[in-house]
Novice: 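Questions regarding the structure given below will be posed in turn.
Sequence lines set the chain letters: A, B, ... in the order given, protein chains first and strands last, and positions in each chain run from 1.
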Amino acid sequence: MTDKRIIFMGTPEISATVLEGLISAGYNVVAVIAQPDRPVGRKKILEPVPTKVVAQAHNIPVYQPIKIRKEYDFVSELKPDVIITLAYGQIVPQGLLDIPAQGCINLHGSLLPKYRGAAPIQYALMNNEKVTGMTLMKMVKEMDAGEMYATEEVEISPLDNSTSLFKKMGDAALRLILRALPLYLDNKLPGTPQDESLVTFAPSIKPEEEKLDLNKSKEQLFGFIRALSDVPGAYLYLDELKLKIYQSEIVSDEMIGEVGEIIKADKRGLHLQTTNGILSLLSVQLEGKKRMDYMSFINGQPHLLGKKLR
RNA sequence: CGCGGAGUAGAGCAGUUGGCAGCUCGUCAGGCCCAUAACCUGGAGGUCGUGUGGUUCAAGUCCCACCUCCGCAA
């Protein structure tokens, strides 16, 4: 294989998938840099981040600086030939980008120059794209703006949500890096500049955006719901309680009731009137309750018909 | 001890000031119908989260402890 010294930077599950694959393929991963462990859940239990679990299983040292911006002196000592990042979670400072002899490359979750930013995978779903993909690119000071080396396309099924697409993207990222890395390390992979006129952005989704906007079209609502599912979940209010909506389906263009009104609540569906048609809510969760299919929800909520979600 | 909601039939829920444990769906049997996710009749299925806990003539219901699940916050 190669004895080039690789540092992998990444934090969540998708990063762990690729890290595991690189190690299995025999690459010399000398260190992993990840976000610090954070308390998870109500009990505030400190859980190791996914990439840390993988690294430790292979006895690879893990570094978790609180602010990489200021703490990266240790990287020089590791003498990396190349740094590969995927969803690390912090801005990487120029000083760190300059350390590896062969530079820093990033696996980005979109077909650049579309969807630069922190949430490209969610944005692809939100906009009901049919195709997206991973891009291997050079890391530069400006976020996700470096030249592109290679891409791996991924089809988005109408049934995909965030959870399923992240899984697909992780697999695609691994295929991409295994295909492109040998060429890159041999300096046989030329970069292509991004067409700046086609740049769009996918900034991280703010908590207040998780509440659905009923002024939007049924297509936009459908996209939002799947982009935010299974976590954290998009929601509307039913009376004073949050009703999370994890899965929906576009039914028709009919206008039967007022926008936000529940116009059907029986075994054939839980239907919500939107500004331009009907959306069927398939999987929901009321605050304090468990997630359930619409039939179970209707069984326990006898007076839904005619109610309005806000 | 961060705030709050909840454990009752396979699923989702109700259960009023303690007094024979109910509803919707599912399921099983039968009926109606050209037919059905529709409709009608009947049945099965619960030691009400745990506690050889407390109060009471009597606890799903009130009190105590513990376990588990969930929403928010981090």
Novice: Pick the P atom in B:A73 and in B:A11, then give their distance to the nearest Å.
Specialist: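 B:A73 and B:A11 have their P atoms separated by 30 Å.
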Novice: To the nearest 0.5 Å, tell me how far A:Ile99 CD1 sits from A:Cys104 SG.
Specialist: 8.0 Å
Novice: Please list, chain by chain and in numerical order, all residues satisfying side chain to side chain donor-acceptor pair (under 3.5 Å) with A:Thr151, sequence neighbours excluded.
Specialist: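 By the side chain to side chain donor-acceptor pair (under 3.5 Å) rule, A:Thr151 matches no residue at all.
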Novice: On a whole-Å scale, what distance lies between the C1' atoms belonging to B:G51 and B:C39?
Specialist: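 Result for the C1' pair: 48 Å, nearest Å.
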Novice: How does RNA chain B look in dot-bracket form if you count Watson-Crick and G-U pairs under 3.5 Å, write [ ] for pairs that cross, and put | where a base pairs with another strand?
Specialist: .((((((..((((.....[..)))).(((((.......))))).....(((.((..]....)))))))))))..
Novice: Expressed in angstrom and rounded to an integer, what is the separation of A:Glu47 atom CD from B:A74 atom C1'?
Specialist: 14 Å
Novice: Among pairs that include at least one residue of residues 189-210 of chain A, which meet ring-ring contact (aromatic ring centres under 6.0 Å, His included), considering only residues two or more places apart or in two chains?
Specialist: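 As it turns out, there is no ring-ring contact (aromatic ring centres under 6.0 Å, His included) pair with a partner in residues 189-210 of chain A once direct neighbours are skipped.
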Novice: For the P atoms, the ones on B:U61 and on B:U50, what distance do you get once it is rounded to whole angstrom?
Specialist: 11 Å
Novice: Taking B:G5 as the reference, what is the distance to B:C13 when you measure between their C1' atoms (whole Å, please)?
Specialist: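 After rounding to an integer number of Å, I get 15 Å for this pair.
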Novice: Quick one: which residue pairs count as a salt bridge (charged side-chain N to carboxylate O under 4.0 Å, His left out) with a foot in residues 93-111 of chain A, not counting sequence neighbours?
Specialist: none
Novice: Could you give all pairs that pass the ring-ring contact (aromatic ring centres under 6.0 Å, His included) test and reach residues 279-310 of chain A, with sequence neighbours left out?
Specialist: none
Novice: What are the atom names and distances for every N/O pair under 3.5 Å that joins the protein to nucleotides 6-11 of chain B?
Specialist:
from	atom 1	to	atom 2	distance (Å)
B:A11	O2'	A:Ser296	OG	2.9

Novice: Please list all pairs passing the salt bridge (charged side-chain N to carboxylate O under 4.0 Å, His left out) test where one or both residues lie in residues 53-75 of chain A, with sequence neighbours left out.
Specialist: none
Novice: Test: salt bridge (charged side-chain N to carboxylate O under 4.0 Å, His left out). Region: residues 259-272 of chain A. Which pairs qualify, not counting sequence neighbours?
Specialist: A:Asp266-A:Arg268
Novice: Please, which pairs that meet side-chain hydrogen bond (donor to acceptor under 3.5 Å, both in side chains) have at least one residue in residues 250-260 of chain A, sequence neighbours excluded?
Specialist: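 Residue pairs passing side-chain hydrogen bond (donor to acceptor under 3.5 Å, both in side chains), neighbours aside: A:Lys218-A:Asp253, A:Ser252-A:Glu254, A:Glu258-A:Lys308.
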Novice: Not counting sequence neighbours, which residues clear side-chain contact (heavy atoms from CB on, under 4.5 Å) with A:Leu159? List them please.
Specialist: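 A:Leu159: side-chain contact (heavy atoms from CB on, under 4.5 Å) contacts with A:Ser157.
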Novice: Provide, to the nearest angstrom, the distance between the NZ atom belonging to A:Lys290 and the P atom belonging to B:U68.
Specialist: 13 Å
Novice: Just the rounded figure in Å: distance from C1' of B:G71 to CG of A:Leu238.
Specialist: 14 Å
Novice: Tell me which donor-acceptor pairs under 3.5 Å the side chains of residues 130-141 of chain A have, and how far apart each pair is, sequence neighbours excluded?
Specialist:
from	atom 1	to	atom 2	distance (Å)
A:Thr135	OG1	A:Ser110	O	2.5
A:Thr135	OG1	A:Leu112	N	3.2

Novice: How long is the line joining CG of A:Leu304 and C1' of B:C25, in whole Å?
Specialist: 14 Å
Novice: Rounding to an integer number of angstrom, what distance separates B:G22 and B:G45 when you compare their C1' atoms?
Specialist: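 My reading of the C1' atoms in B:G22 and B:G45 gives 14 Å.
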Novice: Classify the nucleic acid contact of A:Gln301 as base, sugar-phosphate or nothing, counting any heavy atom under 4.0 Å across all strands shown.
Specialist: nothing
Novice: Are there any protein N/O atoms within less than 3.5 Å of an N/O atom in nucleotides 36-41 of chain B, and if so, which ones and at what distance?
Specialist:
from	atom 1	to	atom 2	distance (Å)
B:A38	OP1	A:Lys267	NZ	2.8

Novice: Is the A:Tyr235-A:Tyr237 ring centre distance short of 6.0 angstrom?
Specialist: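 Yes, they do, as the ring centres are separated by less than 6.0 Å.
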